[in-house]
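Below is one structure, written out as structure tokens, with a few remarks after it.
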Amino acid sequence: MIVHRTSEALKTAIESARQLGHTVGFVPTMGALHQGHISLMETAKLHSGYTVCSIFINPMQFNDQNDFNKYPVTTESDITMLEKSQADTLFLPLVSEVYPDGTNQLEHYDLGYLETIFEGKYRPGHFQGVSQVMSRLLKIVQPDHLFMGQKDYQQCMVVKKLLELIGMHEKVRLHVCPTVREAGGLAMSSRNLRLSAEGRERAGIISTALEFTKEHLQPGDLSGQMAKGRQMLTDKNIEVDYFEIADADTLLPVSDWNGKQRLVTVVAGFVDGVRLIDNMILNP
Ligand code: AMP
């Protein structure tokens, strides 16, 4: 695996791979890699001749400076994991490489209501930051395939919208890959590194509550099921931002289910000050 720190070097490497007839698969990350990220790399390998992973902790997508300061950095073990996964290239840029003209005048993207619900509502500016870094990375890498995790359900929808906004939706195929979980059900996340052993165990209730909602899904009023899910989390001292059932295709809230519409439960909450998110499709 070759590590590139500049976009020029990365572009040259990608151009050479293209000349050899390879398609390009891209897995953007913020590092502190775990098996969830590696599963994206493995899927990327299946679909593309040349795979690029990026590690960049994007300052623009943190609405909470403390969260940014505490974001785990494990570059050495990340490189070891990526080498094992047979990634061809790691792009490891500095902030000045991604935002050469600074961060004051970055483009604003019209993401519509996606920016005002769930993560958009609780993390103001987050999806603008995601869009800014993704548009920059996509323009550098110009991938054929883009691999992202269902773990960040709303982010996948934002990136789908972004691809349209920047006119790359016909060129880039977005693959939404399944969430990889710990043995107890907790969705793998770089932020899990900040949990104590006790917090990690308690956080297991998040996926239990999602499963419970899925098992008890009934047509009609869903408010009781959402309240039950929230209660399961608060009983374990998890401070809940939201636990909501929404339309799986639009993410618009659904209060009364007709028994057919595809649904997803989305959840966000704090375990010992660490913000975790998860989701589950209720009727695949
Ligand atoms: P992050 O480093 O958290 O920005 O994540 C980089 C990519 O990995 C995003 O597309 C995430 O959705 C994906 N990802 C994170 N956690 C998981 C997981 N547990 N399973 C599958 N994909 C994941």
Side-chain angles (χ1 to χ4, degrees), residues 25-48 51-64 67-68 70-75 77-79 81-82 85 87 90-93 98 114 118-119 123 126-138 141 143 145-163 172-195 200 203-204 206-207 210 251 264 266-268 271 274-281:
F26 181 36
V27 178
T29 81
M30 296 204 298
L33 300 185
H34 49 68
Q35 196 49 42
H37 297 113
I38 297 306
S39 75
L40 301 187
M41 284 306 303
E42 286 166 356
T43 311
K45 275 262 151 211
L46 296 177
H47 288 270
S48 16
T51 51
V52 180
C53 176
S54 65
I55 296 181
F56 178 62
I57 305 179
N58 173 32
M60 301 312 292
Q61 71 185 71
F62 287 83
N63 54 311
D64 174 356
D67 188 25
F68 176 62
K70 288 189 175 167
Y71 203 84
V73 178
T74 60
T75 312
S77 72
D78 291 353
I79 290 177
M81 284 174 87
L82 283 172
S85 81
L90 167 62
F91 184 40
L92 195 61
V98 176
L114 283 175
F118 306 130
E119 290 304 278
R123 299 187 67 189
H126 170 63
F127 286 132
Q128 283 303 319
V130 168
S131 301
Q132 283 152 351
V133 75
M134 283 302 297
S135 66
R136 182 81 190 115
L137 292 172
L138 286 166
V141 177
H145 300 276
L146 172 63
F147 301 87
M148 304 196 75
Q150 187 199 315
K151 154 87 177 16
D152 297 277
Y153 197 88
Q154 191 170 0
Q155 172 169 271
C156 291
M157 292 183 68
V158 163
V159 169
K160 183 166 177 264
K161 168 108 187 158
L162 176 73
L163 286 169
V172 183
R173 181 169 158 213
L174 173 63
H175 301 249
V176 178
C177 305
T179 303
V180 177
R181 298 178 179 281
E182 309 276 0
L186 176 64
M188 288 191 183
S189 164
S190 305
R191 287 186 176 84
N192 293 353
L193 289 175
R194 292 174 48 205
L195 295 172
R200 198 176 265 248
I206 298 173
S207 63
L210 290 172
L251 261 195
V264 61
V266 287
V267 53
V271 179
V274 181
R275 192 168 184 281
L276 302 177
I277 62 170
D278 200 351
N279 65 82
M280 195 168 282
I281 302 272

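Since the structure is predicted, the reported quantities are computational estimates derived from the model, not experimental observations. Just the heavy atoms: all of them, side chains too, but no hydrogens, waters or symmetry mates, feed the values below. Counting starts at 1 for both ligands and their atoms, following the listed order.
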Would you mind listing every salt bridge (charged side-chain N to carboxylate O under 4.0 Å, His left out) that reaches into residues 31-45, with sequence neighbours excluded?
Lys45-Asp88
How would you list, by chain and number, every residue that makes a salt bridge (Lys or Arg N to Asp or Glu O under 4.0 Å) with Arg136, sequence neighbours excluded?
none
How about Tyr71 and Phe62: are their ring centroids closer than 6.0 Å?
yes
Give one line per pair: atom of ligand 1, protein atom, distance. Only N/O to N/O under 3.5 Å.
unit_1	atom_1	unit_2	atom_2	d
ligand 1	2 (O)	Met30	N	2.9
ligand 1	2 (O)	His37	NE2	2.9
ligand 1	5 (O)	His37	NE2	3.4
ligand 1	10 (O)	Gly149	N	2.9
ligand 1	12 (O)	Gly149	N	3.1
ligand 1	12 (O)	Gly149	O	3.2
ligand 1	12 (O)	Asp152	OD2	2.6
ligand 1	16 (N)	Met188	O	3.4
ligand 1	19 (N)	Val180	O	2.9
ligand 1	19 (N)	Met188	O	2.9
ligand 1	20 (N)	Val180	N	2.8

Could you report the tightest heavy-atom contact between Pro72 and Ser190, atom names first, then the distance?
CG-O, 3.4 Å
Given side chains that start at C-beta, do those of Ile277 and Val266 come closer than 4.5 Å, heavy atoms only?
no
Kindly write out the residues that satisfy ring-ring contact (aromatic ring centres under 6.0 Å, His included) with His34, not counting sequence neighbours, or none if the list is empty.
His37
